[in-house]
J.: 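One structure coming up, written as structure tokens, with questions to follow.
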4 protein chains.
Amino acid sequence: MMQAAVRVFAEKGYHAATIRDIVAAADVAVGTFYFYFPDKETLFVYLYEETAEFLLQTVQQAVVGRATLPKQIAAGIQAYVNIGTFEPAVVSLLLVGGVGTLPALVKGRADFRESLVNIWQQPLDLALDKGQILPQNTRRSAEALSGAIDEVILNLIDQPDAKQQASSAVSDLTQFCLRAVAYTGG
Amino acid sequence: MMQAAVRVFAEKGYHAATIRDIVAAADVAVGTFYFYFPDKETLFVYLYEETAEFLLQTVQQAVVGRATLPKQIAAGIQAYVNIGTFEPAVVSLLLVGGVGTLPALVKGRADFRESLVNIWQQPLDLALDKGQILPQNTRRSAEALSGAIDEVILNLIDQPDAKQQASSAVSDLTQFCLRAVAYTGG
Amino acid sequence: MMQAAVRVFAEKGYHAATIRDIVAAADVAVGTFYFYFPDKETLFVYLYEETAEFLLQTVQQAVVGRATLPKQIAAGIQAYVNIGTFEPAVVSLLLVGGVGTLPALVKGRADFRESLVNIWQQPLDLALDKGQILPQNTRRSAEALSGAIDEVILNLIDQPDAKQQASSAVSDLTQFCLRAVAYTGG
Amino acid sequence: MMQAAVRVFAEKGYHAATIRDIVAAADVAVGTFYFYFPDKETLFVYLYEETAEFLLQTVQQAVVGRATLPKQIAAGIQAYVNIGTFEPAVVSLLLVGGVGTLPALVKGRADFRESLVNIWQQPLDLALDKGQILPQNTRRSAEALSGAIDEVILNLIDQPDAKQQASSAVSDLTQFCLRAVAYTGG
DNA sequence: CATGAATGAGGGTTCATTCAT
DNA sequence: AATGAATGAACCCTCATTCAT
């Protein structure tokens with residue numbers, strides 16, 4: 001039922017998705033929804049945060065498991081693209097479905113953006129310490145990286161042949177990011 | 001009244017903004033709204049497209065008026081940041097208020113994203129011809145630039161001291177972008 | 001302007017006819033309507049009663065100007081059909097546009113029906129006195145005549161070739177009515 | 001609830017009857033209305049057509065169950081008067097509530113009138129074949145009969161003592177009709 | 001646990017009416 | 001006299017939510 005809800009929310013957005021849409025997708029009755037969840041808004045916020053945590057953890061783990069900046073960025077992007085390719089609803093929910101819809105989600109969304117920026121900023125700060133990238137405002141670079149990656153992935157999942165284009169997108173994006181942060185390799 | 005509508009739509013998003021909110025912000029009666037506009041959806045689409053055109057033209061003109069890639073990118077970002085700083089509602093409406101809300105806007109939004117990507121891609125293609133940037137998929141680079149710039153500006157306008165941070169943001173972003181597209185200067 | 005109002009009311013009925021329809025048909029401004037008439041309902045009631053009086057007088061005069069029952073009925077029907085043929089809006093307003101729409105018109109409509117019944121009942125009572133029709137409840141006969149005539153005329157004005165069919169309708173109806181009231185001729 | 005709707009529509013007409021009137025009469029909430037019916041117009045058309053069919057079938061069956069013209073006409077009128085007496089809302093809805101209100105009902109109303117005329121015309125055509133009535137335009141006679149009967153019944157149900165007057169009305173009307181169609185009995 | 005009929009606040013929209021010009 | 005922009009009460013309808021079964 002929660003999976004059904006994610007799908008419906010991702011597809012229609014918060015407001016256009018009705019409780020009836022969700023229970024129909026889950027093949028249960030309206031009352032059942034309210035037995036498990038207090039209300040629509042709470043569910044959406046919960047789903048958004050669950051989904052955000054899943055994506056953040058997945059990307060974060062890909063990044064921390066690598067030793068060098070190029071590998072970290074490549075792995076992070078690869079993990080993100082994988083999610084976009086195999087679970088597009090997750091990305092849609094986070095980057096589209098939850099935008100500008102719910103006052104209660106403003107903080108949740110800000111937290112998600114902040115965490116995403118942090119994921120990219122950590123390796124940058126490490127690399128800066130080691131002198132592997134030129135001096136820069138790593139916070140702002142991380143924001144920019146985050147936006148760049150999101151946009152390319154959003155464009156990617158709109159393509160009918162997303163899976164075919166995924167590997168070139170990963171490679172293009174990785175190169176783009178390494179250049180953008182002035183990676184010198186040493 | 002249209003300014004009031006832009007503000008309300010930008011602040012609450014399409015669905016959460018009610019006609020009564022809009023007319024209250026404009027200090028007129030409900031009927032007055034329908035004297036000037038056929039309905040809520042038509043107004044929103046019109047406002048979105050007007051606003052999109054204004055932003056696109058402003059950024060585009062800043063870019064085409066410059067001779068070299070660094071100046072083009074710097075001027076385009078400066079123009080975009082100016083709008084975000086002095087008319088944050090314009091940016092909010094385009095990047096937040098109109099996301100995933102209205103079937104009738106799907107095309108309009110796609111067109112806007114496409115145009116924005118094109119604005120950044122054109123100078124890249126020119127620079128590639130002149131050998132001023134390394135070979136790359138300029139379309140994908142432009143997508144990434146577009147996302148990077150949007151994200152930084154969205155973060156910027158959320159800051160209370162946005163105007164103070166604007167110039168450093170422009171400078172950081174410009175450097176980021178030039179590195180990202182592998183600008184060699186010759 | 002009143003003619004325009006009659007046309008619009010007859011065509012669309014009271015509720016569907018808007019003030020804007022009426023002033024557009026009369027080619028004046030909305031405010032002008034309210035300079036001449038206090039409100040929509042008052043105008044409609046006034047128009048209904050004016051129109052009713054016109055029709056009643058016309059039919060009545062045709063009837064009283066004849067000496068014998070056959071001539072009275074024929075003349076009354078002919079006059080009614082003439083109105084239906086040349087001023088269908090008058091008949092539509094009275095028999096269609098003003099039905100079941102306005103509490104304030106219930107009495108007006110009842111008066112109109114009553115008067116119409118009276119117009120037919122008078123010659124019947126005279127003929128009964130003279131022994132030219134068999135004994136009967138002339139009130140009820142007049143009601144029936146009234147309904148019969150209205151129905152045939154309503155059917156007539158719905159025909160595209162109403163004017164061609166008018167004379168046969170008058171003749172058929174007259175014969176029908178004379179038989180119905182058991183006219184013996186003496 | 002449908003009975004309540006018939007009552008309210010019959011009493012106020014389509015436009016003046018609000019959903020709140022109907023649900024108040026049925027003692028349910030607004031939402032309940034829309035749980036059972038798609039919208040006001042659909043319900044009204046459905047009710048009109050159901051009601052029309054009920055009345056037509058009732059009168060038709062009374063007519064076809066008799067062998068001779070006098071009995072057919074008497075039975076048809078009796079059946080019609082019974083409905084008017086015991087279910088005045090049915091007659092009001094058909095003859096008053098649904099007049100000139102709804103474009104979607106124009107055809108339905110025309111069909112009802114046509115069917116009603118046909119009910120009266122069939123026995124006339126049979127009687128004409130058997131030489132029991134004088135030669136005439138039976139279509140036009142049926143229209144006139146239809147109008148005559150409707151009008152008398154409408155007058156009847158407006159009377160406070162409708163039930164007392166019913167039998168004399170049936171008898172008067174039957175005699176009127178038989179004379180009107182020149183019934184010779186052989 | 002599950003159901004779905006019932007609820008009613010609240011949204012978009014219309015249109016008779018007013019009044020400053 | 002004439003205008004038409006402005007008003008707001010009231011309409012139809014949706015949908016999140018409840019609760020008796």
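All values below come from the heavy atoms of this structure, side chains included, with hydrogens, waters and symmetry mates left out. Remember, predicted model here, so these are calculated numbers, not experimental data. Chain identifiers are assigned alphabetically (A, B, ...) following the order of the sequence lines, protein sequences preceding nucleic acid strands; residue numbering begins at 1 within each chain.
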J.: Which residue lies toward the 5' end of DNA chain E, B:E41 or D:R20, if each is placed at its nearest nucleotide?
T.: D:R20

J.: Between E:dT17 atom C1' and C:D39 atom CG, what is the distance in whole Å?
T.: 9 Å

J.: Does some side-chain heavy atom of C:E53 sit less than 4.5 Å from a side-chain heavy atom of C:F112?
T.: no

J.: If you find the nucleotide of DNA chain F closest to D:Y14 and the one closest to B:A29, which residue's nucleotide is nearer the 5' end?
T.: B:A29

J.: Could you check whether any side-chain heavy atom of C:D21 comes within less than 4.5 Å of a side-chain heavy atom of C:T18, counting everything from C-beta outward?
T.: yes

J.: Using 30° and 60° as the class limits, which term best fits the ring planes of A:Y14 and A:F9: parallel, tilted or perpendicular?
T.: parallel

J.: Output the rounded distance in Å from CZ (C:F35) to P (F:dG4).
T.: 16 Å

J.: Taking OP1 and OP2 of F:dT7, is either one under 4.0 Å from a side-chain nitrogen or oxygen of B:T32?
T.: yes

J.: If I take atom OH in residue B:Y36 and atom P in nucleotide E:dT14, what distance separates them, rounded to the nearest angstrom?
T.: 17 Å

J.: Can you tell me if D:Y34 touches the phosphate of F:dC13, counting only side-chain N or O atoms and a distance under 4.0 Å to OP1 or OP2?
T.: yes

J.: Within this structure, what is the CZ-to-C1' distance between A:F33 and F:dC19, rounded to whole angstrom?
T.: 17 Å

J.: For a quick check of understanding: with a heavy-atom distance under 4.0 Å over all strands, which category does B:F37 fall into, base, sugar-phosphate or nothing?
T.: nothing

J.: Would D:F37 and D:T42 count as a side chain to side chain contact (heavy atoms under 4.5 Å, CB included) if you check the C-alpha gap in whole Å, the side-chain angles of each, and the deciding distance to 0.1 Å?
T.: CA-CA 7 Å; D:F37 312 111; D:T42 303; over 6 Å; no

J.: Between F:dA6, F:dC13, E:dA16, which nucleotide gets closest to the side-chain atoms of C:K40?
T.: E:dA16

J.: Roughly how many Å is it from CG in A:D27 to C1' in E:dG4, rounded to a whole number?
T.: 14 Å

J.: Side chains of B:L94 and B:R109: closer than 4.5 Å at any heavy-atom pair?
T.: no

J.: Over how many whole Å does the gap from D:M1 atom CE to E:dT7 atom C1' extend?
T.: 12 Å

J.: Measuring from the side chain of A:V28 (C-beta onward, heavy atoms only), which nucleotide among E:dT3, F:dA6, E:dC1 has the closest atom?
T.: E:dT3

J.: Bend angle of the helix from E:dA2-F:dT21 to E:dT21-F:dA2 from five-pair axes at both ends, rounded to 10°?
T.: 10°

J.: More than 12 foreign heavy atoms under 6.0 Å from OH of B:Y34: is that the case here?
T.: yes

J.: Give one of base, sugar-phosphate or nothing for D:A17, where a contact means two heavy atoms less than 4.0 Å apart.
T.: sugar-phosphate

J.: Could you give the CZ-to-C1' distance, from D:F44 to F:dC12, as a whole number of Å?
T.: 16 Å

J.: Distance check needed: E:dG11 P versus A:H15 NE2, whole Å only.
T.: 10 Å

J.: Quick one: closest heavy-atom pair of D:I157 and D:G84, and the distance?
T.: CG2-O, 3.1 Å

J.: Any idea which of E:dT17, F:dT17, E:dA9 is nearest the C:I19 side chain?
T.: E:dT17

